[in-house]
Each structure stands twice: as structure tokens, then as C-alpha cells.
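Below is one structure, written out as C-alpha cells; comments come after it.
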Protein chains: 2
Amino acid sequence: MSSKRAKPYHHGDLKAALIDGAAELLVERGVRRFSLAELSRRLGVAVAAPYRHFANRDELLAAVAVRALDQFGDALAAQSSEADQPEQRLAAMAEGYVRFAAEQPALFSVVFSIGLDKKKRHSELREAYEEIEGTLAAAVAEFCPGDPVGAQQLADAIEATAHGYAALLTDQPGAFDPADVDHAAEQAAGATRALLRGRAALWDQDARSEDAGAGQPT
Amino acid sequence: MSSKRAKPYHHGDLKAALIDGAAELLVERGVRRFSLAELSRRLGVAVAAPYRHFANRDELLAAVAVRALDQFGDALAAQSSEADQPEQRLAAMAEGYVRFAAEQPALFSVVFSIGLDKKKRHSELREAYEEIEGTLAAAVAEFCPGDPVGAQQLADAIEATAHGYAALLTDQPGAFDPADVDHAAEQAAGATRALLRGRAALWDQDARSEDAGAGQPT
DNA sequence: GTCTATATCCCGATAGAC
DNA sequence: GTCTATCGGGATATAGAC
């Protein structure tokens, strides 16, 4: 950070400046109101300049999403590692999922507004995503030794549940009531524990008819 | 519906034509690429005409969302009523949730891209939404007699889970593989059954320490 | 190769004429 | 109610300066 920083922008590292600036602007404006033109203006470059580094607006957003996904994955891994027991680990991950969405709504929404479509193409995006799924899979594996299919289903269920709480919370624009965030995060953790305990119903298709009585009121 | 329908469009009922056309255009273009200008062009009116009926683009989308929510609610109610047992009813609703999202991705996404913000203001939008929550609450109530708080938590968990599966599925743009839809729908139903069976962990906060062993590998 | 300048086209929204 | 005209902005494409 000595010689290169004489002309921090305008020269040298516009690509990195674009990603940095885009992340900031996203936080301020949200994905919908984010504009390449405003970003260019802020960086003091011409509106066409970004196109030397990114094919279009969405490609820049995808680059931001890669970084966001990395942070997201780190947050989840950190949450996960704080708990000793497997159930706790998964519940903590669900809680972390919701909290990340609430604390970084712009980053969270950019990841999921990109469309998983590009996650297939973009190798970086895919890697970042697979790292998250790996963390989850590792925590789930302890519950389903020797049953990879069941483990995958359980992991999907936990991911879907956490994502549902996060998405429903995030759909409310503006600031969140911290109490709502806590509530949603705890609920997501509770739902995760509930899924783990009732998980037999996930893969036992016969449960539908066989043990239907098990879920009835007492 | 006799005298008014002589000139269905262009005159007399532009408002209805806008809502109809918007729903169609949304299916073709998606929420993001939907434009009032293109809709106006299709209906053969000036770009300023819609503003006599809707304050802005979002207000028109909100009107479409009201209709979409009505259809969504009907679909869920229909699914729910096909099952006899309470557990089945809830599983069927979760399945219906995912299937609606997959079959009408444009309508589904317009509902949740509006932001629950407006659902508070817009009385119509709120009513449509509350009807859905009512259907769910009724089905859940059978599991939690005399425990309204627990019933609400259970309902939220089921909604979040179904929403998560639906949202993750819908985030992939383009057409869905029907097999994926079936899989996701069945998984959502299974997760719902799992939530019902493990539901004690939802509201029993002490479960975290007390019965942590119950969820451990055998 | 990177960036500026410029130009095109589309969109949302408003004001005022008919 | 609807149209015409118009403003402000944004996404891109191209040409040329460095």
C-alpha cells in the first residue's frame, strides 16, 4: 500500500474499486436502485469505464455476490464451530443464516437475486456456494452415518427452513426491529432442532399413511 | 357484466386491462424486466395513461400481487381440503406452496418482491395475505389446542420452510425441471411432517440443554 | 489495454392540451 | 381519461485519446 496508492482510483485498480464501491452503494440503495452510472460518478470515471472490467451490470453484481457469499460462509462456519454438539451446531448455523440476512440485507439479497443460474456458470460463485453447502453437509453427516441420500435431504430441509425465515424477514424493506431478528433467529434454530428430531418423517415416505396418528392432537 | 363489456379495452376498463396485461407481461419478462412502457404499447395507449389508474409502477404491481395472492390462497385452500387428517393437510399445503411457486413463478415473485411493507398499508393486499395465514392457522390449531403462542410458532415454521423450498427453487431462472419441482414439493411436505413430529423442540427452549442427546447419532 | 466522450435507446414520471 | 411533449436517469455500444 505504498507506491500504488498515489492514484488510488482512476488508475491502477478500477476493478477492485468497482467491487468495493458496488458493495457500499448496494448497502445504501439496495439491489433494485443500484446503478452503474452512480457508481461510476462516485469513482470519478466515465460511465463506460466499468465495461472494461465487467460485461454488464449483472456481472459486477455477481462479483460482489462472490465476496458476499464468502463472508456469509465464514459467518456460518464461525457459528457452527462455536457449538460442541451436532444438534447445537446445526441450530447455530440456522441462527447465523438468519442473522447474516438481517445484518447484511443488501449482500444477502444480491446473492439470491443473481439467480442460482449463474452459480452454475461462474466458477467462483459456485465454489463459494459449495463451501457453504460443505459446512452444512459436514454438520449433518453426523446424524446420518452411511446414508448420503438422507443426509442430503436433511441438509436441504435445514437450508430451506433457514432460508425461509431469512427471506421472509428480509422482504420487509427498511430497518428491522432487533427483537424481530432475535425472534426469527431463535425460531429458525428451534425449527432446525425440530427437523432433526422429526427427521424420520423426511425420508420415510410410508410415514404418510403408517404413522399419521403420531402427529395428531393428544 | 352486460353493458360494460362492449369495449373491454382501450376504453371503459383500462384499469382492468392493465392488471390483466401486467400479469401476462410479468410471466414473459419477469418482475425485473417488466416495464410500464411496454405494457402501454401493447394495450395501445400512451405511456402516461396508466398513471390515471395507478400512482406508479409499484402500485400496479401491487394490484397484480393482490390477485396473485388470491389465487395462491385458493390453491393452498384447495390442497388443504383434499386431506382428511391434520398432518396430511399441512403437508399438502406445503406441497401446494412449492408447486404454486414453480408453476407461477412470476406471480409468486411479484408477491414477495413487493415487500411486506406494503402489505401493511394496502388493505387489499393485507386481506389476501391474512386469508392465507388463516388457512394455515386453522390447520395448525389442531395440534396446539389451548396454546396460541405455540400454534403461531408452528405455523411460522411451516410457512418459513415451505417458503424456503419455494424461494430456492424459484431463484433458478428459466424453466424448471418437472422432476426438481416434484422433488422439492415432496421434500417440503416431508419437512412439514418432520416439524410436526419434532415440534416440541420449537417452543421448549430448555430442550437445547436438556434433551440435546435426543438428536445425537445412534 | 484503459479510460473518456459521445450517442442511442428505453424507462419512469410529470405538465398541460384535448 | 387519454395524448403529446418533455425531463432526468440509466444501460450499453462505439470511437478515439493516452
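The shown structure was predicted, so the numbers you read here are calculated from the model rather than taken from an experiment. Chain letters run A, B, ... following the sequence lines, proteins first, then strands; residues in each count from 1.
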Task: Least distance between heavy atoms, A:L195 atom then B:A194 atom - done: CD2-CB, 4.0 Å

Report, one line per pair, each donor and acceptor closer than 3.5 Å where one atom sits in a side chain of residues 62-78 of chain B; sequence neighbours left out.
from	atom 1	to	atom 2	distance (Å)
B:R67	NH1	B:D20	OD1	3.3
B:R67	NH2	B:D20	OD1	2.6

TODO: To the nearest Å, give me how far apart CZ (B:R32) and P (C:dC10) are.
DONE: 19 Å

Open item on the list: For B:T161, give me all partners under side-chain hydrogen bond (donor to acceptor under 3.5 Å, both in side chains), at least two apart in sequence or on another chain.
Closed with: A:T161

Open item on the list: Once side chain to side chain contact (heavy atoms under 4.5 Å, CB included) is applied, do any residues pair with A:A162, and if so which ones, sequence neighbours excluded?
Closed with: A:A94, A:Y97

Task: OP1 or OP2 of D:dT2 under 4.0 Å from side-chain N/O of B:H53 - done: yes

Task: Nearest-Å distance for atom pair CG/C1', residues A:L43 and C:dT4 - done: 15 Å

TODO: Measure the distance from CZ on B:R52 to P on D:dT4 and round it to the nearest whole Å.
DONE: 15 Å

Task: Partners meeting salt bridge (Lys or Arg N to Asp or Glu O under 4.0 Å) with A:R29 (sequence neighbours left out) - done: A:E38

Open item on the list: Expressed as a whole number of angstroms, how long is the span from B:F54:CZ to C:dG12:C1'?
Closed with: 16 Å

Open item on the list: Tell me every residue that passes side-chain hydrogen bond (donor to acceptor under 3.5 Å, both in side chains) with A:E133, counting only those two or more places apart in sequence or in another chain.
Closed with: none

Task: Base-contact (B) and sugar-phosphate-only (S) positions in nucleotides 8-13 of chain D, heavy-atom cut-off under 4.0 Å, - elsewhere - done: --SSBB

- [ ] Take atom CG of B:L18 and atom P of C:dG12, then tell me their distance rounded to the nearest Å.
- [x] 13 Å

